[in-house]
Amino acid sequence: MFMENSSGSRPASTTSSGTQAAQSSCPDTNGTLPSCAGLAVPYVPFQKNNPQKYAQSEALSNGTLFPGLNLPFRLAVEGSTLPNTPLAELQALEFVVLELNIYLDTHKDDTEAFNLFKQFSAMEKAAKAAYESKYGPITKESAAAGDSYQWLSDPWPWNFAQNEVK
């Protein structure tokens with residue numbers, strides 16, 4: 001496979017077998033998808049410390065907390081809008097905590113991200129407790145924490161959103 005460089009030409013070199021191989025001169029130093037990256041070449045930009053972040057509902061809609069990793073494909077649908085419900089808010093908080101956890105795996109010295117991780121973890125814990133106190137457990141583990149088994153008690157959370165519960 002040959003990739004064009006910025007001048008539009010295809011650089012090549014000769015291998016020991018006499019065939020030509022493409023030379024890679026496609027820089028990836030700024031954390032965004034370079035224009036010279038081929039369509040079939042997987043690419044994940046390097047994240048620097050303290051990257052920009054989406055708000056939690058926007059992060060969940062886009063599938064990433066970090067705009068620098070949001071590399072939409074051609075003809076992709078833009079991030080969806082989440083409903084304004086307690087369950088959607090809890091899901092967004094859980095998503096942000098997971099994203100920050102993954103980021104911190106490779107950026108353990110980013111103190112701002114760690115502080116955000118602690119802040120969002122506390123917010124997620126509080127939101128989960130508030131949600132479960134109103135609607136019941138959302139995990140089997142939470143069902144085990146009560147005085148009686150409540151896991152399969154009606155109504156389910158999605159029944160509230162559809163006004164099926166009177």
Side-chain angles (χ1 to χ4, degrees), residues 3 24 26-162 165:
M3 293 186 343
S24 178
C26 192
D28 65 353
T29 57
N30 62 0
T32 59
L33 184 64
S35 61
C36 53
L39 290 178
V41 177
Y43 179 83
V44 177
F46 293 101
Q47 283 183 281
K48 297 182 173 134
N49 283 348
N50 195 22
Q52 289 184 328
K53 296 163 195 73
Y54 286 127
Q56 63 237 29
S57 61
E58 197 174 3
L60 183 59
S61 294
N62 284 296
T64 181
L65 176 62
F66 306 102
L69 295 182
N70 190 2
L71 303 173
F73 292 97
R74 185 174 174 259
L75 303 177
V77 177
E78 290 296 318
S80 63
T81 306
L82 295 174
N84 188 15
T85 64
L87 184 59
E89 175 68 18
L90 179 58
Q91 289 172 325
L93 287 168
E94 289 173 339
F95 183 79
V96 169
V97 169
L98 180 62
E99 283 280 281
L100 285 168
N101 175 244
I102 293 169
Y103 171 79
L104 286 167
D105 284 346
T106 57
H107 297 80
K108 66 180 180 174
D109 296 328
D110 189 337
T111 55
E112 182 180 338
F114 181 62
N115 289 333
L116 280 174
F117 177 74
K118 291 190 298 186
Q119 176 187 347
F120 275 97
S121 292
M123 290 169 58
E124 184 246 342
K125 184 177 180 180
K128 182 178 179 187
Y131 185 89
E132 288 183 333
S133 71
K134 185 172 183 178
Y135 300 109
I138 57 174
T139 65
K140 294 182 292 287
E141 293 78 15
S142 297
D147 296 332
S148 63
Y149 188 73
Q150 298 291 322
W151 180 240
L152 294 178
S153 297
D154 285 330
W156 285 87
W158 47 85
N159 296 128
F160 284 102
Q162 296 170 359
V165 178

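For this chain, numbers begin at 1 and follow the sequence in order. Not measured: the values here are computed from a predicted model. Atom set for the values below is all heavy atoms of this structure, side chains included, hydrogens, waters and symmetry mates excluded.
- In this structure, the separation between OG1 on Thr139 and NZ on Lys128 is 4.0 Å, given to the nearest 0.5 Å.
- Pro51 and Lys48 make their closest contact through CD-O, 3.3 Å (heavy atoms, listed as atom of the first residue, atom of the second, distance).
- The two residues Val96 and Ala59 come nearest to each other via the heavy atoms CG2-CB, 4.4 Å.
- Atom CG of Asn62 is separated from atom CG of Leu69 by 11.5 Å, given to the nearest 0.5 angstrom.
- Put simply, CD on Glu94 and CD on Glu89 are 10.5 Å apart, with the number rounded to the nearest 0.5 Å.
- Taking each heavy atom of Ser142 and Pro137 in turn, the nearest pair found is CB-CB, 3.8 Å.
- Side-chain N or O atoms of Glu132 include one that pairs as donor or acceptor with a backbone N or O of Ile138 at under 3.5 Å.
- The distance from the CD atom of Glu112 to the CG atom of Asn50 is 4.0 Å, given to the nearest 0.5 Å.
- Leu93 has its side chain out of reach of Ser121: every pair of non-hydrogen atoms, C-beta onward, lies at least 4.5 Å apart.
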Pair Leu116-Lys53, side chain to side chain contact (heavy atoms under 4.5 Å, CB included): steps then yes or no: CA-CA 11 Å; Leu116 280 174; Lys53 296 163 195 73; 3.5 Å; yes
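- A tilted orientation is assigned to the rings of Tyr131 and Tyr135, their planes being inclined by 30° to 60°.
- Rounded to the nearest 0.5 angstrom, Ser61 OG and Phe95 CZ are separated by 9.5 Å.
- Looking at heavy atoms from C-beta onward, Leu98 lies out of side-chain contact with Leu65 at the 4.5 angstrom threshold.
- Atom CG of Asp105 has more than 12 neighbouring heavy atoms from other residues, nucleotides or ligands inside a 6.0 Å radius.
- Sparse packing is recorded around CZ of Phe114, with 12 or fewer heavy atoms of other residues, nucleotides or ligands lying under 6.0 Å away.
- The ring of Phe66 has its center no closer than 6.0 angstrom to the ring center of Tyr54.
- Residues Thr64 and Glu99 bring a donor and an acceptor atom of their side chains to less than 3.5 Å of each other.
- Interatomic distance, Lys118 NZ to Leu100 CG, rounded to the nearest 0.5 Å: 12.5 Å.
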